[in-house]
Asks: 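This structure is in structure tokens; I'll ask about it shortly.
Proteins get letters first, then strands, A, B, ... in listed order; numbering begins at 1 in each.
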Amino acid sequence: MTWLGGWLRELILVVLLAAFVEMLLPSKSMERYARLVLSLLVLLTLLSPIVALLKGDVTGELSLAMNQQEKKGGVFSGAGKGAGSLEKILADGRVLAAGAQEQSLKLAAEEVAGQMRNQIAGITGVQGAKVTVTLGMGKASDTTQGEAVPVIASVKVSFPPAVSASGSGSGPAAGTTTGSPSEPIVITPVEPVQVNLGSDTDEDSAAASATSSPDIPEGSSATPGKGTDQDQTESIIKLLEQNWNLSREVIQVQKSTAGEAKL
Amino acid sequence: MEIIQVVGIGLLSTVLILVLKEQKPMFAFLLTTAAGILIFLFLIGKIGTILGTLERVAESSGMEMIYIKTVFKIIGISYIAEFGAQIVRDAGQESIASKIELAGKVLIMVLAVPIISIIIETVMKLLPA
């Protein structure tokens, strides 16, 4: 019974409104047309229970159609252009957001690289290692959610040859390596350096952890320079693997002059 | 008392226009337009009051807003078209005035299209297939 009351009230209101609006109209020439639209409205209100039964939401459909009309506009209305510019603005926003993300990734990568460098210097004792971290957006391996998170795409560590890694203590040895970079990297100048490295790390290991210090004297005693480099590479990779939860493929360690160990 | 102001503006501008028309017909036309706009602006506040009352009543009684929106559009289109057509007619361009009126009529009819389509669809569903 309540819907009947509501329907009647709406009907009366629409009829009153139509009568009132007809008086408001300025000229006779428009009156016929306006009357047609108003009578259609009255008819729709009369039929509204049936229409609701057969078609569902009448007013929603009507307002949708009106909005579409408004959006289309005429020749002179800038409605279409406005929509285009809105899309353009949104696209610009996306581009700007992507740029900001890239920038933040770069910053984060620098930060991560700095931390890695400190860890490498502290734990393995390799001073002056150059760490380049590339971050990318991707799915995290441990989460199943679809959202993209920044992940470490690649880590490139290049450390100076053992000579300079040994520190500033061995001036002449470092001089010889840098003096003739390509040929005389012959292992001869490297060899005395191993000792220095060992002593250097021994000094450092007071502060650093014990993981590298046993390795290096071992390497220096057992195998010549190449082996120590391998050990260093290995220890750096292991460190990064453990501390940063990285897989082996993304870590790339190389000596800054010639030797490259890509794992 | 506002009606006296309106009539005063109208009479004054009519006398001025009649005087001016002999010397400078162009300025007479401008004066006509200005007087028309002045009276229209005078009235637009009152029209706003009426429409505001209508809207409030419709809102409080739970009438669908889309109906009242349509009605307001009709009123707006007819007022603007009428006003523009009369200004153009005063300037002696009867044909352009009738085009403006035509545009007003078409735009009012366009408002009826969604309503007509809904009614026709309902009727077609009512009929046995």
Asks: Taking side chain as C-beta onward, heavy atoms only, is A:Leu13 less than 4.5 Å from B:Tyr67?
Replies: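 A side-chain contact is absent here, since even the closest heavy-atom pair is not under 4.5 Å.
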Asks: Taking side chain as everything from C-beta outward and backbone as N, CA, C, O, which of these in B:Leu54 sits under 4.5 Å from a heavy atom of chain A? Side chain, backbone, both or neither.
Replies: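 Looking at B:Leu54, just its side chain touches chain A.
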Asks: So, for B:Ala81 and A:Met30, which heavy atoms are closest and what is the spacing to 0.1 Å?
Replies: CB-CE, 3.5 Å
Asks: Could you check whether any side-chain heavy atom of A:Val21 comes within less than 4.5 Å of a side-chain heavy atom of B:Phe72, counting everything from C-beta outward?
Replies: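 No. Closest side-chain heavy atoms not under 4.5 Å.
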Asks: Against chain A, label B:Leu126 side chain, backbone, both or neither, depending on which of its atoms sit under 4.5 Å from a heavy atom there.
Replies: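 Contact with chain A is through both the backbone and side chain of B:Leu126.
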Asks: Are any of the side-chain heavy atoms of A:Leu38 and B:Thr70 separated by less than 4.5 Å?
Replies: no
Asks: Is it the backbone or the side chain of B:Leu107 that comes under 4.5 Å from a heavy atom of chain A, or both, or neither?
Replies: neither
Asks: Under a 4.5 Å heavy-atom cut-off, does chain B meet the side chain of A:Leu36, its backbone, both or neither?
Replies: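 Looking at A:Leu36, just its side chain touches chain B.
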Asks: Can you tell me how far CD1 of B:Ile115 sits from OG of A:Ser39, rounded to the nearest 0.5 angstrom?
Replies: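 With rounding to 0.5 Å, OG (A:Ser39) is 9.0 Å from CD1 (B:Ile115).
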Asks: Which of the residues B:Ala85, B:Ser61, B:Ser117, B:Gly104 is involved in the greatest number of heavy-atom pairs with chain A at under 4.5 angstrom?
Replies: B:Ser61
Asks: Within the side chain of A:Tyr33, is there an N or O that forms a donor-acceptor pair under 3.5 Å with the backbone of B:Ser78?
Replies: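 No; judged by distance alone, with no hydrogens or angles, the pair does not exist.
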Asks: How far apart are the C-alpha atoms of A:Val51 and B:Glu121, what are their side-chain angles, what is the distance that settles it, and do they pass the side-chain contact (heavy atoms from CB on, under 4.5 Å) test?
Replies: CA-CA 9 Å; A:Val51 176; B:Glu121 278 175 32; over 6 Å; no
Asks: Go through A:Leu62, A:Leu40, A:Val37, A:Leu53 and name the one with the most non-hydrogen pairs under 4.5 angstrom from chain B.
Replies: A:Leu62
Asks: At a heavy-atom distance under 4.5 Å, which candidate from B:Glu101, B:Glu82, B:Lys125, B:Lys105 has the highest pair count against chain A?
Replies: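 Highest number of pairs under 4.5 Å: B:Lys105.
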Asks: Please name the pair of heavy atoms, one in A:Met66 and one in B:Leu111, separated by the smallest distance, quoted to 0.1 Å.
Replies: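 Minimum heavy-atom separation between A:Met66 and B:Leu111: CE-O, 3.7 Å.
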Asks: State, to 0.1 Å, how close A:Asn67 and B:Lys69 come at their nearest heavy-atom pair, and which atoms those are.
Replies: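 Where A:Asn67 meets B:Lys69 most closely, the heavy atoms are OD1-NZ, 4.2 Å.
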Asks: Of the non-hydrogen atoms in A:Leu54 and B:Thr122, which two are nearest, and what is the gap between them?
Replies: CD1-O, 3.8 Å
Asks: Measure distances from B:Val113 to the heavy atoms of chain A and classify the residue's part below 4.5 Å as side chain, backbone, both or neither.
Replies: side chain
Asks: So, for A:Ala34 and B:Ile74, which heavy atoms are closest and what is the spacing to 0.1 Å?
Replies: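 A:Ala34 and B:Ile74 have their closest heavy atoms at CB-CG2, 3.6 Å.
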Asks: Does atom CD of A:Gln115 have more than 12 heavy-atom neighbours from other groups under 6.0 Å away?
Replies: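 Check passes, neighbour count above 12.
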Asks: Atom CD of residue position A:Glu241 - does it have more than 12 heavy atoms of other residues, nucleotides or ligands inside 6.0 Å?
Replies: yes
Asks: CD of A:Glu31 to CD1 of B:Ile108: how many Å apart, nearest 0.5 Å?
Replies: 11.0 Å
Asks: Tell me which of these, A:Leu41, A:Leu25, A:Leu47, A:Leu16, has more heavy-atom pairs under 4.5 Å with chain B than the rest.
Replies: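 Going by pairs under 4.5 Å, I would pick A:Leu41.
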Asks: Above 12 or not: heavy atoms from other molecules or residues under 6.0 Å from NZ of B:Lys73?
Replies: yes
